[in-house]
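Written out below as structure tokens is the structure these notes cover.
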There are 2 protein chains.
Amino acid sequence: MSLRYGLLGLLSEKPASGYALSQQFQDVLGVVWPASHPQIYTALNHMLGEGLVEIQHTGARGKKVYTITPAGTAALRQWLAHGPVDHTLRSESLLRSFFFDQMDPADLERHLEAEIAFFAERVALYKRYAEAKDRGDHGRSARTASLRIAVESGVRLYTALQEWAQWAKRYRNHSG
Amino acid sequence: MSLRYGLLGLLSEKPASGYALSQQFQDVLGVVWPASHPQIYTALNHMLGEGLVEIQHTGARGKKVYTITPAGTAALRQWLAHGPVDHTLRSESLLRSFFFDQMDPADLERHLEAEIAFFAERVALYKRYAEAKDRGDHGRSARTASLRIAVESGVRLYTALQEWAQWAKRYRNHSG
DNA sequence: ACGGGCATGTAAGCGGTTACATGATTCG
DNA sequence: CGAATCATGTAACCGCTTACATGCCCGT
């Protein structure tokens with residue numbers, strides 16, 4: 001169900017085509033909630049049938065621009081304020097950590113170093129986004145403030161993961 | 001595919017029944033990789049056909065105890081050392097943060113406080129696990145060391161999330 | 001005797017991915 | 001003119017959840 005609300009959330013900012021929504025999922029939301037384009041087109045058609053979105057107009061190349069309806073806005077607000085929160089933090093990368101004892105030390109060392117590099121890159125990326133928003137590059141709307149908060153979670157989570165992987169490397173070296 | 005490797009990982013420690021594996025997923029691995037019992041039984045039967053696991057013996061109540069085969073161990077090691085890492089950190093809770101601007105301030109305040117309480121509880125839980133392991137309550141095997149590392153990721157991630165939610169509360173109050 | 005936990009499964013259906021398919025437009 | 005990008009979809013398949021179904025064993 002989260003995909004639906006993700007789409008409604010994006011449409012609550014401004015009308016958009018399925019293609020544009022797909023891009024935004026790939027570039028922005030996809031980090032915490034991936035969605036492929038067939039899934040998005042299917043969901044939009046379904047939501048159209050339920051009256052949560054409407055086609056505002058059609059453009060070149062068969063483009064369909066969707067708007068959120070009052071019913072859609074109500075559904076989004078209901079979910080945000082009163083929908084039960086699923087706290088699962090699904091991560092394949094962390095699943096692996098339960099089985100580090102099954103790797104030979106050299107492979108584990110290599111793995112942890114690659115993870116540290118990856119996490120560090122993510123931290124740097126989100127810090128750049130955060131700084132851009134703090135400078136006001138993207139305006140000072142309530143929407144930008146939301147994105148600023150979301151980006152902050154990225155900075156903090158990936159910093160924590162990077163430090164964790166470094167700690168894990170040290171832990172192995174003087175206890176294993 | 002991750003479920004399969006999760007099962008192989010658990011079986012690499014010691015033989016277990018589908019029921020026991022299911023319990024372990026619910027209690028331990030489920031935080032980062034949830035799996036329901038029908039999914040686990042289906043996967044085990046599939047892996048049996050592929051020769052990755054074997055039935056060691058059957059016990060009371062139709063119990064089937066599975067062992068990992070050499071082919072299964074090889075598949076697990078291959079995945080751990082050379083399988084491409086999927087870095088997606090899927091989180092419904094974080095998806096919501098992108099749309100905080102769509103909530104009314106009182107609902108958002110309540111939501112953030114509930115999230116802070118939830119994250120704080122998780123931090124406390126994992127710190128207790130970590131302390132138990134550091135005291136040696138679960139022995140000092142390589143396996144325990146792996147679990148200690150996994151638990152540490154929980155402590156750090158949920159600490160980061162808790163501090164993030166607190167920061168978000170303050171951010172809203174003096175910028176919104 | 002019976003209730004709860006042990007133990008394994010099947011079936012229907014939804015969520016999600018990958019591959020396939022098509023065509024318009026823009027840019028070099 | 002050709003390649004990349006815009007733009008929308010269908011179909012097959014797999015992963016996963018929920019509900020249903022069955023029966024044994026243990027403790028009270």
Side-chain angles (χ1 to χ4, degrees), chain A residues 1-8 10-11 15-27 29-50 52-66 79 83-84 86-92 95, chain B residues 1-8 10-11 15-27 29-50 53-66 79 84 86-92 95:
Chain A
M1 286 294 88
S2 299
L3 168 63
R4 311 270 283 263
Y5 296 112
L7 292 168
L8 288 175
L10 290 175
L11 287 173
S17 66
Y19 187 84
L21 293 166
S22 185
Q23 300 291 97
Q24 286 193 70
F25 259 87
Q26 224 169 306
D27 299 345
L29 298 187
V31 190
V32 290
W33 205 268
S36 59
H37 81 263
Q39 204 186 344
I40 288 170
Y41 288 123
T42 308
L44 284 170
N45 280 323
H46 197 182
M47 287 158 79
L48 193 60
E50 288 173 338
L52 300 175
V53 298
E54 272 175 358
I55 293 176
Q56 193 192 49
H57 67 270
T58 57
R61 287 170 261 185
K63 181 180 182 177
K64 296 175 186 174
V65 175
Y66 292 89
W79 177 72
D86 175 1
H87 282 105
T88 310
L89 235 171
R90 208 191 205 98
S91 164
E92 202 238 50
L95 177 65
Chain B
M1 286 293 88
S2 299
L3 169 63
R4 311 271 284 263
Y5 296 112
L7 292 168
L8 288 175
L10 290 175
L11 287 174
S17 66
Y19 187 83
L21 292 166
S22 185
Q23 300 290 96
Q24 286 192 70
F25 259 88
Q26 222 168 308
D27 299 345
L29 298 187
V31 190
V32 291
W33 205 268
S36 60
H37 81 263
Q39 203 186 344
I40 289 170
Y41 288 123
T42 308
L44 285 170
N45 280 323
H46 197 180
M47 287 159 79
L48 193 60
E50 288 173 337
V53 298
E54 271 175 359
I55 294 176
Q56 193 192 47
H57 67 270
T58 56
R61 287 170 261 183
K63 182 179 181 177
K64 295 175 187 174
V65 175
Y66 292 89
W79 177 72
D86 176 1
H87 282 105
T88 310
L89 235 171
R90 208 191 205 98
S91 163
E92 202 238 50
L95 177 64

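Basis for what follows: all heavy atoms, side chains included, without hydrogens, waters or symmetry-related copies. Letters go in sequence order (proteins before strands), and every chain restarts at 1.
When heavy atoms are screened at a 4.0 angstrom cut-off, B/Ser22 is found touching no nucleic acid atom at all. In this structure, B/Arg4 reaches neither bases nor backbone, as no heavy-atom distance under 4.0 Å exists between it and the strands shown.
The shortest heavy-atom contact between A/Leu48 and A/Tyr66 is CD1-CE2, 4.3 Å. Heavy atoms only, all atoms of each residue included: A/Glu92 and B/Trp33 are closest at N-CZ3, 4.0 Å. For B/Ile40 against B/Gly18, the heavy-atom pair with the smallest separation is CG2-O, 4.1 Å. Heavy-atom minimum distance, A/Pro38 versus A/Thr42: O-OG1, 2.6 Å. Taking each heavy atom of A/Thr88 and B/Gly30 in turn, the nearest pair found is CG2-O, 4.5 Å. Nearest heavy-atom pair, A/Ala35 versus A/Leu3, reported as atom, atom and distance to 0.1 Å: CB-CD1, 3.7 Å.
Taking the 5' to 3' direction, DNA chain C first and last meets chain B under 4.0 angstrom from a heavy atom at C/dG5 to C/dG16.
If you measure from atom OH of A/Tyr41 to atom C1' of D/dC6, you get 8 Å, rounded to the nearest angstrom. Between B/Lys63 atom NZ and D/dC26 atom P there is a gap of 11 Å when expressed in whole angstrom units. Straight-line distance from the CE atom of A/Met1 to the P atom of D/dT17: 14 Å, rounded to whole Å.
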What are the atom names and distances for every N/O pair under 3.5 Å that joins the protein to nucleotides 22-25 of chain D?
none

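The side chain of B/Pro38 lies closest to D/dA19 when the candidates are D/dT8, D/dA19, D/dG15.
The salt bridge (Lys or Arg N to Asp or Glu O under 4.0 Å) analysis of residues 39-50 of chain B, with sequence neighbours excluded, yields the pairs B/Arg4-B/Glu50.
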